[in-house]
Student: 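Dropping the structure in here first, questions after.
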Amino acid sequence: MNTPGPAVRSTVHGYPRIGPDRELKRAEESYWKGASTAADLEEAAAGLRLDTYARLRAAGIDDIPSNTFSYYDQVLDTAVLFGLVPERFEDPCAAADADGRLRRYFALARGVQGAPPLEMTKWFDTNYHYLVPELSPAVRPRVAGDKPVAEFREALEAGYPTRPVLVGPLTFLLLSKAADDAPRGWSPIALLDDLLDAYGRVLADLRAAGAEQVQLDEPVLATDEGRAALGHLERAYGVLGGLADRPEILVSTYFGSIGADALRVLKESPVEAVGLDLVTDAEGIADLTAVSGLGSTRLVAGVVDGRNVWRTDVPAAVATLGTLLGLADGISVSTSCSLLHVPIDLDAETSLPPELRAALAFAEQKTREVALLGRVLSEGTGDGYAAAPAPAGASFVDARVRARLEALGADAHERPRERGAPGVPALTTTTIGSFPQTGGLRRARAAHRRGELGEEEYKAILRAEIDRVIALQEDIGLDVLVHGEPERNDMVQYFAEQLRGYATTENGWVQSYGSRCVRPPILFGDVSRPEPMTVEWTTYAQSRTAKPVKGMLTGPVTMLAWSFVRTDQPLGDTARQVALALRDEVADLERAGIRHIQVDEAALRELLPLRAEKRREYLDWAVGSFRLATSGVSPSTTVHTHMCYSEFGLIVDGIEELDADVTSVEAARSRMELVEDLGRRGYRRGIGPGVYDIHSPRVPSVEEIEASLRLAVEHIDAGKLWVNPDCGLKTRGYEEVEQALRNMVEAARRVRSTL
């Protein structure tokens, strides 16, 4: 790679790592099952990395990143690189070979018997997850691995000079948590100087291997916490930039503006380049103007959206880049963030409507857009430059939907204050919704989709699975049952396939965490519900048992967060359209006799703006859309909601405002932290803290779950406590699920008997 100079260059922050056909998922899961070796997994991973470099070169990208590959996530990789691993994962008998290293690595992410995994939460305001490092003053950072150097050398030997990418020290420490054995009041940022020393050694190793530039990702600077850490920022990049034995340093920021103060610190530090997200909000250019430009510091300008799938408006992007030429001596055109968050290749899609397809760009297409913009800026011309892109969002207006929303009265968001009792015992046991999706179910669904399995035959298979799930739950002793969702491929895609205004893809896979991949649908137009979506299966399940069965829906905010959403109108307006469609479904479920209805808002915390000043506006429309979807039910119907892995402390007030009767949340990995917070605040509604971590293959013991419940009872009245897993069970196997649920029911029985 040539050292960046005044010429305009092109680059990306990162690229999807799962492979065009989810090769990484298959290789990892084969290894976990013992069906392949560590060498097999490493060979598959190396092939995916080399394929990525080839794709980026073919697209015309000048500066190719490396070390963006991960078996699970980049924050976990950083913790392992610097030896910041909790003692419970250190096995003195473990082999030091590749298999031993991989087993420990995956134990950190997934847990093993006797060693619960690291806590998992969302990567800023995305649906990507990371493992939260547990740090303490007892374990000092040190260079304990060589992944960045090894992957750089691998690429170089294949003919690809690259720019290694690491999570920056400030982001790593501010995203970490104090371990349980850390002194009270101790913060991971206290390790900054030791960590900088370790980073310095890695930089020296990369320089010795031939790296000319390294990228240090600092997205935390887009948050209030990051903006408040200017002293640490100045310290970090004063030290690293001042090292004599290092490559050039690009400090990459994304997911929003970092503010003029932080930008000024970076400008005045001895780093060679700064990356800015110029898509997420409009403040980035104002920040540059406020600091009078970057001068000799290269600007990596993120003008191609790395998080959504709409084509770049090339003329508008060229105009933006033109204004930047006077604000930095050197410019690199880039994506706003890593392309990890979008599918790989639009060419793999064959069934999208032509008018929608014309408006889209996946990772492969976005790299070409970046390269094109680089050529336009440096040469003044570029192939395809004259072609005007389709308007972002490619919206389709439905006058009936808009008229219905305008006609809603002021009471459309309100439920009666006095509500009927749900008729369930204290410490009510239930699950979040889905049960394991067997290979037989997946094959039947695929055969039905291909037209190889008739409608009635397919429905008979689904009814038989519901019968089995209901019988199993009754045998286990659960109090409120679910139908198991055998008909659903995904909690968002299932509904998107039945709502107008959405399109779904065939191969648009995106990594969520580890081997877990999802296909986010594309919300391109006004949303409406042509017919009931869940009533048939929920009422069938209720007919098979005398116990109550919950109806299961995905809430409006989550339907937006886990989709690629139109950009031509405010998110709040789109959320209200989805909410109106769900309101119709809720009403149909209630009319059919379903008295527990769960509207999952797994992503409520996820979409929370990174800056406090923008959160009230978001919560107003997010809460309002949920209440629009649920407020039409009678006082005797119990409204549930569920939220996935996130740090909930910032939205406790929002959870209260949802006005749901019961909220189930992740709590197993975070050790009931939210329950303690809710107790301090006097939370009065029902709460279901997860006591079984479904993202780990380990089965929690009765005693472990009992201890969690006794902790919860200390903070919340037992009559308001529900007992459930952290999340849906579809990714797990029946053997482990059945035992875990039996342990959960027994633990609830033990605690209930002592109340």
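Worth saying up front: this structure is predicted, and the values here are computed from it rather than measured.
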Student: Can a donor-acceptor pair be found, under 3.5 Å and without considering hydrogens, that links the side chain of Glu601 to the backbone of Val557?
Tutor: yes
Student: What is the minimum heavy-atom distance between Ala222 and Leu610, and which atoms define it?
Tutor: O-CB, 3.7 Å
Student: Roughly how far, to the nearest 0.5 Å, is the CZ atom of Arg110 from the CG atom of Leu118?
Tutor: 13.5 Å
Student: Would you say the side-chain atoms of Arg616 pair up with the backbone N or O of Glu613, donor to acceptor, closer than 3.5 Å?
Tutor: no
Student: Run the side chain to side chain donor-acceptor pair (under 3.5 Å) check on Thr52 and Tyr160 step by step: do they pass?
Tutor: CA-CA 11 Å; Thr52 293; Tyr160 302 103; over 6 Å; no
Student: To the nearest 0.5 Å, tell me how far Leu250 CG sits from Leu216 CG.
Tutor: 8.0 Å
Student: With sequence neighbours excluded, tell me which residues meet side-chain contact (heavy atoms from CB on, under 4.5 Å) with Val112.
Tutor: Ala107, Ala115
Student: Could you report the tightest heavy-atom contact between Ala211 and Pro247, atom names first, then the distance?
Tutor: O-CB, 3.5 Å
Student: Compare all side-chain heavy atoms of Pro116 with those of Arg698 and state whether any distance is below 4.5 angstrom.
Tutor: yes
Student: Starting from the C-alpha separation in whole Å, work towards a yes-or-no answer on salt bridge (Lys or Arg N to Asp or Glu O under 4.0 Å) for Arg235 and Asp193.
Tutor: CA-CA 9 Å; Arg235 170 69 178 164; Asp193 285 343; 3.0 Å; yes
Student: Restricting to pairs with a member in residues 190-228, which pass ring-ring contact (aromatic ring centres under 6.0 Å, His included), not counting sequence neighbours?
Tutor: Phe82-Tyr199
Student: Check the pair Asp197, Arg201 against salt bridge (Lys or Arg N to Asp or Glu O under 4.0 Å), reporting the backbone distance first and the verdict last.
Tutor: CA-CA 7 Å; Asp197 182 62; Arg201 296 182 186 184; 3.1 Å; yes
Student: Does this structure show an ion pair linking Arg264 with Asp261, if we count only N-O contacts that are shorter than 4.0 Å?
Tutor: yes
Student: May I have the step-by-step check of side-chain contact (heavy atoms from CB on, under 4.5 Å) for His341 and Trp123, ending in yes or no?
Tutor: CA-CA 11 Å; His341 308 287; Trp123 178 245; 4.1 Å; yes
Student: Side chains of Leu56 and Pro65: closer than 4.5 Å at any heavy-atom pair?
Tutor: yes
Student: Going by distance alone, is a donor N or O of one side chain under 3.5 Å from an acceptor N or O of the other, for Glu218 and Thr171?
Tutor: yes
Student: Evaluate the side-chain contact (heavy atoms from CB on, under 4.5 Å) criterion for residues Gln74 and Asp217: first the C-alpha distance (whole Å), next the side-chain angles of each, then the deciding distance (0.1 Å), finally the verdict.
Tutor: CA-CA 10 Å; Gln74 63 272 20; Asp217 284 353; over 6 Å; no
Student: What do the steps show when you test Phe172 against Val220 for side-chain contact (heavy atoms from CB on, under 4.5 Å), and what is the final call?
Tutor: CA-CA 9 Å; Phe172 177 77; Val220 79; over 6 Å; no
Student: What heavy-atom pair brings Gly210 and Phe152 nearest, and what distance separates the two atoms?
Tutor: C-CZ, 3.4 Å
Student: Thr253 side chain to Gly275 main-chain N or O, any donor-acceptor pair under 3.5 Å?
Tutor: yes
Student: Report the C-alpha distance between Val8 and Leu321 in whole Å, list the side-chain angles of each, state the deciding distance to 0.1 Å, and finish with yes or no for side-chain contact (heavy atoms from CB on, under 4.5 Å).
Tutor: CA-CA 10 Å; Val8 174; Leu321 290 166; over 6 Å; no
Student: To the nearest 0.5 angstrom, please state how far the CG atom of Asp726 sits from the OG atom of Ser696.
Tutor: 10.5 Å
Student: State whether a side-chain donor-acceptor pair under 3.5 Å links Ser515 with Tyr31.
Tutor: no
Student: Any side-chain heavy-atom pair from Leu76 and Tyr130 closer than 4.5 angstrom?
Tutor: no
Student: Does any non-hydrogen side-chain atom of Ile258 lie less than 4.5 Å from one of Leu266?
Tutor: yes
Student: Are the side chains of Val80 and Arg104 in contact, using a 4.5 Å heavy-atom criterion?
Tutor: yes
Student: Given 3.5 Å as the limit, does a donor-acceptor pair link the side chain of Thr558 with the main chain of Ala603, or not?
Tutor: yes
Student: Keeping Arg17 on the side-chain end and Thr68 on the backbone end, is there a donor-acceptor pair under 3.5 Å?
Tutor: yes
Student: Decide, yes or no, whether a salt bridge links Arg307 with Asp125 under the criterion of side-chain N to carboxylate O below 4.0 Å.
Tutor: yes
Student: Enter the distance from Leu327:CG to Thr289:OG1 here, rounded to the nearest 0.5 Å.
Tutor: 5.0 Å
Student: On a heavy-atom basis, which atom in Gly83 and which in Val139 lie closest, and how many Å separate them?
Tutor: O-CG1, 3.6 Å
Student: Below 4.5 Å, heavy atoms only, C-beta onward: do Val300 and His13 meet side chain to side chain?
Tutor: yes
Student: Is it the case that more than 12 heavy atoms not belonging to Glu617 sit under 6.0 Å from its CD atom?
Tutor: no
Student: Would you call Tyr53 and Ile61 a side-chain contact if the rule is heavy atoms closer than 4.5 Å?
Tutor: no
Student: Determine yes or no for a side-chain-to-main-chain donor-acceptor pair under 3.5 angstrom, with Thr11 supplying the side chain and Asp63 the backbone.
Tutor: yes
Student: Would you call Arg605 and Glu666 a salt bridge, using N to O less than 4.0 angstrom?
Tutor: no
Student: Would you say Leu174 and Leu170 make side-chain contact, with heavy atoms under 4.5 Å?
Tutor: yes
Student: How would you list, by chain and number, every residue that makes a side-chain contact (heavy atoms from CB on, under 4.5 Å) with Pro520, sequence neighbours excluded?
Tutor: Val510, Val518, Phe564
Student: If I compare all heavy atoms of Leu196 with all of Leu240, which pair ends up nearest, and what's the gap?
Tutor: O-CD2, 3.7 Å
Student: Tell me if a side-chain donor or acceptor on Ser512 pairs with a main-chain N or O of Asn127 at a distance below 3.5 Å.
Tutor: yes
Student: Any salt bridge linking Glu283 with Arg611? Criterion: basic side-chain nitrogen under 4.0 Å from a carboxylate oxygen.
Tutor: yes
Student: Salt-bridged, Asp99 to Arg103, with N to O below 4.0 Å?
Tutor: yes
Student: Test Ser257 against every option in Asp277, Asp287, Asp281 by the side chain to side chain donor-acceptor pair (under 3.5 Å) rule and name the one that passes.
Tutor: Asp287
Student: Answer yes or no: is there a donor N or O on one side and an acceptor on the other, between the side chain of Thr162 and the main chain of Pro164, under 3.5 Å?
Tutor: no
Student: Taking atom types as modelled, find out whether Asp77 and Tyr71 have a side-chain donor-acceptor pair closer than 3.5 angstrom.
Tutor: no
Student: Measure from the side-chain N and O atoms of Ser334 to the backbone N and O of Ala301, and report whether any donor-acceptor pair falls under 3.5 Å.
Tutor: no
Student: Could you tell me whether the side chain of Asp73 and the main chain of Leu131 form a donor-acceptor pair under 3.5 Å?
Tutor: yes
Student: Closest approach of Leu166 and Leu81, non-hydrogen atoms and distance?
Tutor: CD2-CD2, 3.9 Å
